[in-house]
There are 2 protein chains.
Amino acid sequence: MDHINIVTSGNSTAQQVYDWLHGRILRGELEPGARLSETEIAGQAGVSRQPVREAFIRLTATGLTEVRPQRGTFIGRISINAVLSARLIREAVESDLIRMVSANLDYELLARLDRQLAAQREASERQDVEAFITLDDQFHHSLAVAAGHGDVWDVLEGLKSQMNRLRHITARIFDHQKLIEQHGAIVQALREGDADGAEQAMRLHLREVLNDLPEIARSKPEFFTK
Amino acid sequence: MDHINIVTSGNSTAQQVYDWLHGRILRGELEPGARLSETEIAGQAGVSRQPVREAFIRLTATGLTEVRPQRGTFIGRISINAVLSARLIREAVESDLIRMVSANLDYELLARLDRQLAAQREASERQDVEAFITLDDQFHHSLAVAAGHGDVWDVLEGLKSQMNRLRHITARIFDHQKLIEQHGAIVQALREGDADGAEQAMRLHLREVLNDLPEIARSKPEFFTK
DNA sequence: GACGATTGACTGGTATGGAAGTATGGCATA
DNA sequence: TATGCCATACTTCCATACCAGTCAATCGTC
């Protein structure tokens with residue numbers, strides 16, 4: 001969606017502008033380094049500069065934009081360090097969570113995970129990147145909930161935002177087939193009651209997820225910052 | 001510091017107001033549930049509502065305040081779930097980090113950690129809560145840096161903000177002696193090259209750090225939210 | 001005295017204007 | 001032709017005014 005339609009009931013104007021810009025940034029429609037201005041966005045949205053300014057302040061607070069006085073507001077470049085830190089944190093946390101899942105295995109969960117894997121395969125076959133990203137997140141969320149720590153997923157999801165931008169910007173590079181196989185290996189280890197195996201499969205999965213990062217950074221250096 | 005002095009050079013007015021309010025919230029001077037208004041803070045700071053509004057938007061983006069239209073801006077209650085999630089994430093991540101430290105032990109680090117422990121004892125003896133919190137954070141930061149992942153500490157520090165509010169609000173309850181002993185056990189396991197022991201000591205430390213949370217929540221229920 | 005309606009004060013949200021700083025283009029001069 | 005200066009347009013930041021909604025106090029009626 002590259003246009004915005006402001007409605008005067010429900011969410012505030014500033015919230016609507018934030019949601020619009022936030023979605024466009026995460027989907028890679030507003031590329032890292034691109035320049036916006038309050039006046040320009042206000043014109044597009046048919047509102048005053050004020051709520052646009054407020055949306056910018058919020059986006060800046062989450063690291064997605066950078067305001068340079070007198071110059072403009074720039075879409076934040078993807079921080080390689082932030083992506084790497086998020087990966088390391090996810091590996092540590094999700095390997096603890098998978099051990100908790102294994103210790104209290106619910107067979108209905110296995111059936112649900114199998115259904116999710118099937119949906120992932122289908123999304124991959126029709127090359128629906130958006131759906132695949134959503135299903136991937138859903139898989140990990142299900143595991144966090146099964147571990148009794150659904151709230152932790154909210155935190156991890158926040159950390160993933162730069163990673164999700166990366167995936168949208170470079171949609172073709174990620175090997176969805178391999179990700180699905182790795183998800184499958186995690187589920188299989190759970191099925192066999194192999195807690196160590198499940199942890200190792202999760203660690204492998206989250207370690208490999210960034211194998212292509214150096215290549216990506218080389219192909220689009222202007223999108224990245226340390 | 002309960003007053004603010006706005007200077008017209010250097011940081012923007014909105015930034016100064018944000019820093020002032022942010023510090024007061026973290027130190028517990030503005031208690032959870034307390035009500036502020038743009039008009040009131042603008043009056044105190046001698047500026048228009050506009051930069052105050054901007055500071056509120058930023059504070060709200062970080063979860064420290066909540067804006068209720070027509071009603072006021074309220075200092076956020078401490079989310080028990082957020083504190084618990086942060087603890088779980090810290091345990092997972094810092095146990096991975098301590099294994100990395102142990103695998104590449106630098107003896108100069110041990111000397112530095114010993115010095116930090118001595119400083120913690122001293123701060124505890126003179127009951128300097130502020131200094132103790134700073135030194136506690138420094139200890140953990142040193143370990144993250146030693147593991148080669150100083151950036152990860154920045155993320156963990158962000159997660160700790162609710163925990164740090166808790167510590168300021170309930171300064172007397174945390175047993176600093178026990179925390180220092182636990183830090184000491186971590187350093188000793190490192191000295192002995194015992195990676196498993198270091199991980200277990202770190203897990204125990206980060207697991208016990210919230211033992212008093214139920215009691216605290218009972219004694220001041222109005223400060224907390226789920 | 002109790003209840004409901006009205007009024008005024010207060011709140012956040014938005015629009016508009018002015019100030020200060022930055023960047024670019026045009027014109028004059030060497 | 002190249003360089004420097006000036007004017008203009010653009011930017012964000014802050015101040016002020018207006019609007020709609022909320023709440024508490026007061027007044028009128030039963």
Side-chain angles (χ1 to χ4, degrees), chain A residues 3-22 25 30-77 222, chain B residues 3-22 24-25 30-77:
Chain A
H3 65 278
I4 179 171
N5 181 38
I6 299 288
V7 300
T8 52
S9 58
N11 284 345
S12 68
T13 300
Q15 178 71 44
Q16 292 178 60
V17 173
Y18 172 83
D19 291 339
W20 178 50
L21 294 175
H22 186 252
I25 296 174
L30 293 174
E31 296 189 339
R35 183 176 162 285
L36 306 179
S37 78
E38 297 175 0
T39 310
E40 177 193 342
I41 299 297
Q44 288 175 23
V47 297
S48 78
R49 291 165 16 243
Q50 188 54 32
V52 175
R53 178 171 180 75
E54 295 182 11
F56 282 176
I57 289 165
R58 285 180 60 192
L59 289 165
T60 299
T62 59
L64 293 174
T65 58
E66 176 186 359
V67 176
R68 292 195 209 132
Q70 326 304 340
R71 312 262 225 98
T73 296
F74 297 82
I75 306 299
R77 294 188 159 87
E222 70 278 4
Chain B
H3 67 277
I4 179 172
N5 181 38
I6 299 289
V7 299
T8 52
S9 57
N11 283 345
S12 70
T13 299
Q15 178 73 44
Q16 291 176 62
V17 173
Y18 172 82
D19 290 340
W20 178 52
L21 293 176
H22 186 254
R24 297 192 69 205
I25 296 173
L30 293 173
E31 295 190 339
R35 182 176 163 288
L36 306 180
S37 77
E38 294 175 3
T39 311
E40 176 195 344
I41 299 296
Q44 289 173 22
V47 298
S48 76
R49 285 170 41 213
Q50 189 55 33
V52 175
R53 182 172 176 75
E54 295 180 14
F56 282 176
I57 288 165
R58 286 179 60 192
L59 289 165
T60 298
T62 59
L64 292 175
T65 57
E66 177 186 357
V67 176
R68 293 195 206 130
Q70 326 301 340
R71 311 263 222 96
T73 295
F74 297 82
I75 306 299
R77 293 188 162 90

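Note that this is a predicted model, so its numbers are computed, not measured. Letters go in sequence order (proteins before strands), and every chain restarts at 1.
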Rounded to whole angstrom units, what separation is found between the [atom1] atom of [X] and the [atom2] atom of [N]?
X: B/Y18; N: D/dC13; atom1: OH; atom2: P; answer: 16 Å
X: A/I41; N: D/dT12; atom1: CD1; atom2: C1'; answer: 15 Å
X: A/R68; N: D/dC13; atom1: CZ; atom2: C1'; answer: 17 Å
X: B/F74; N: C/dT11; atom1: CZ; atom2: P; answer: 10 Å
X: A/Q70; N: C/dA20; atom1: CD; atom2: C1'; answer: 6 Å

Give a yes/no on whether any side-chain N or O of [X] is located under 4.0 angstrom from OP1 or OP2 of [N].
X: A/T73; N: D/dT12; result: yes
X: B/S37; N: C/dC10; result: no
X: A/S12; N: C/dG13; result: no
X: B/S48; N: D/dA15; result: yes
X: A/T13; N: C/dG13; result: no

I want to check something: taking the side chain as every heavy atom from C-beta on, are [X] and [Y] in contact at a cut-off of under 4.5 Å?
X: B/W20; Y: B/R24; answer: yes
X: B/E66; Y: B/R77; answer: no
X: A/Q16; Y: A/D19; answer: no
X: B/V67; Y: B/I57; answer: no
X: A/L59; Y: A/H22; answer: yes
X: B/E54; Y: B/Q50; answer: yes

Where the side chain of A/R35 is defined as all heavy atoms beyond and including C-beta, which of C/dT16, C/dG12, D/dT11 is the nearest nucleotide?
D/dT11
Between residues 49-57 of chain B and DNA chain C, which residues have a heavy-atom gap below 4.0 Å?
B/R49, B/R53
Donor-acceptor contact below 3.5 Å, side chain B/R35 vs main chain B/R71:
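Yes; judged by distance alone, with no hydrogens or angles, the pair exists.
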Judged by each residue's nearest nucleotide on DNA chain C, which is more toward the 5′ side, A/A14 or B/R71?
B/R71
